[in-house]
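Notes follow the structure.
Order of the sequence lines fixes the chain letters, A, B, ..., with proteins taken first and strands second; residue numbering starts at 1 for each chain.
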2 protein chains.
Amino acid sequence: MNTPAIIDIARICKEHGLRLTAPRKVIMQVLLKSTDHPDAVELHRRVRKIDPGIAIATVYRTVNMLRDKGVLERHTFADGRARYETADHEHHDHLVRVDTGDVIEFRSDEIERLQEEIARAHGFEIVSHRLEIYVKPLKKAAKRSRR
Amino acid sequence: MNTPAIIDIARICKEHGLRLTAPRKVIMQVLLKSTDHPDAVELHRRVRKIDPGIAIATVYRTVNMLRDKGVLERHTFADGRARYETADHEHHDHLVRVDTGDVIEFRSDEIERLQEEIARAHGFEIVSHRLEIYVKPLKKAAKRSRR
DNA sequence: CTAGTTGCAAAAAATTTGCAGTTGC
DNA sequence: GCAACTGCAAATTTTTTGCAACTAG
């Protein structure tokens, strides 16, 4: 299982009427194997390790197209840059360590349910949501990082 | 009570060792009276209605400084641009209408408590968090708006 | 007086776009 | 073959910064 997701990439493209081009294959592969949440520049950095000829414009175009199709999710954490993640996982929220920047995924059905209640109480239904909890380790105090 | 917050602005500056300059007064006043969450460009637009001489650089500098001091919170909703809100209110979360972009504030102690639990279960304590629920009206279906 | 602040313009960073050439289907 | 796609460079948009002039304390 070296390229476990290659089939899925082909399928995703076919489903959405997209051409299966070399740059797209590389970009989507990198995204699928990323467990963190890279921004466009970091994504481009990783992509060009595989194929140095791929332009950052293509990364942006691919990523925007996949977001429009609902294949990708764009997050914007506190640092302000857009960061991406494949949307094929089950939904989850994020714990973000303020000391290291590490992102830990979690899911709470209780919180999900409460959100439904709140939305309904206001006369709405939920389209999507995001919850980020910024944390530091319990025992040791963490340094604050600026910007 | 025409300028209800002017006293607070002076106090905030004094507390943080900042000079009470004219541009700062205007920028902070606009922020305090904003119930929505303007981005830097919109903030500048409002500020220059009061004093057209204020540069957008000053808006950015002021807003960044206030964020560092903890007076302001910077949010980044799904559209990607940084948007600001005074942090002196009690903490709350956001319902965002996807059809109009309107932001509705709410607060759920139950969700707050669950978050505490989750963080602790992972061995962390909460520094801050944000929860945004993107919603549309219950009865009528809403149009999707792109980027 | 003088260190903090500002406006301006230029720089940097992030993202999008026009266009001519390339490629998947 | 031809519309979709790409790379490149230029354009836009968003945010930051250098610097000389200004001003609150």
A/T58 or A/L18: which one's nearest nucleotide on DNA chain C is closer to the 5' end?
A/T58

Do A/H122 and A/I118 touch side chain to side chain, with heavy atoms closer than 4.5 Å?
yes

Is there a side-chain contact between B/F124 and A/I133 in this structure, where contact means two heavy atoms from C-beta onward sitting under 4.5 Å apart?
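Sidechains of A/I133 and B/F124: no contact.
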
Measure up the A/H94 and A/H92 rings against each other and bin them: parallel (under 30°), tilted (30 to 60°), perpendicular (over 60°).
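Geometry flag for A/H92 against A/H94: perpendicular rings.
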
Please determine if a side-chain N or O atom of [X] lies less than 4.0 Å away from the OP1 or OP2 oxygen of [N].
X	N	answer
B/T21	C/dT6	yes
A/R19	D/dA3	no
A/N64	C/dT16	yes
B/Y60	D/dT15	yes

Can you tell me the distance, in whole Å, between the [atom1] atom of [X] and the [atom2] atom of [N]?
X	N	atom1	atom2	value
B/E42	D/dT13	CD	C1'	16 Å
B/I56	D/dT17	CD1	P	15 Å
A/H44	D/dT6	NE2	C1'	12 Å
B/I54	C/dT6	CD1	P	9 Å
A/K25	C/dT23	NZ	P	13 Å
A/D51	C/dT22	CG	P	16 Å
A/D39	C/dT15	CG	P	7 Å
A/M65	C/dT17	CE	P	13 Å

If you assign each of A/G53 and B/A40 to its closest nucleotide in DNA chain D, which residue comes earlier from the 5' end?
A/G53

Do B/N64 and B/R61 have a side chain donor and acceptor closer than 3.5 Å?
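B/R61 and B/N64 do not have a side-chain donor-acceptor pair below 3.5 Å.
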
Closest approach to the side chain of B/V41, judged atom by atom: which nucleotide of C/dT6, D/dT14, D/dT6 is it?
D/dT14

Per B/L20 side chain, nearest of listed nucleotides D/dG25, C/dC25, D/dG7:
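Closest of the options to the side chain of B/L20: D/dG25.
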
Base D/dG7 to side chain A/R61, donor-acceptor N/O within 3.5 Å cut-off:
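When only heavy-atom distances are counted, A/R61 does reach the base of D/dG7 through a donor-acceptor pair under 3.5 Å.
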
Electrostatic pair A/R120:A/E117 at N-O distance under 4.0 angstrom
no

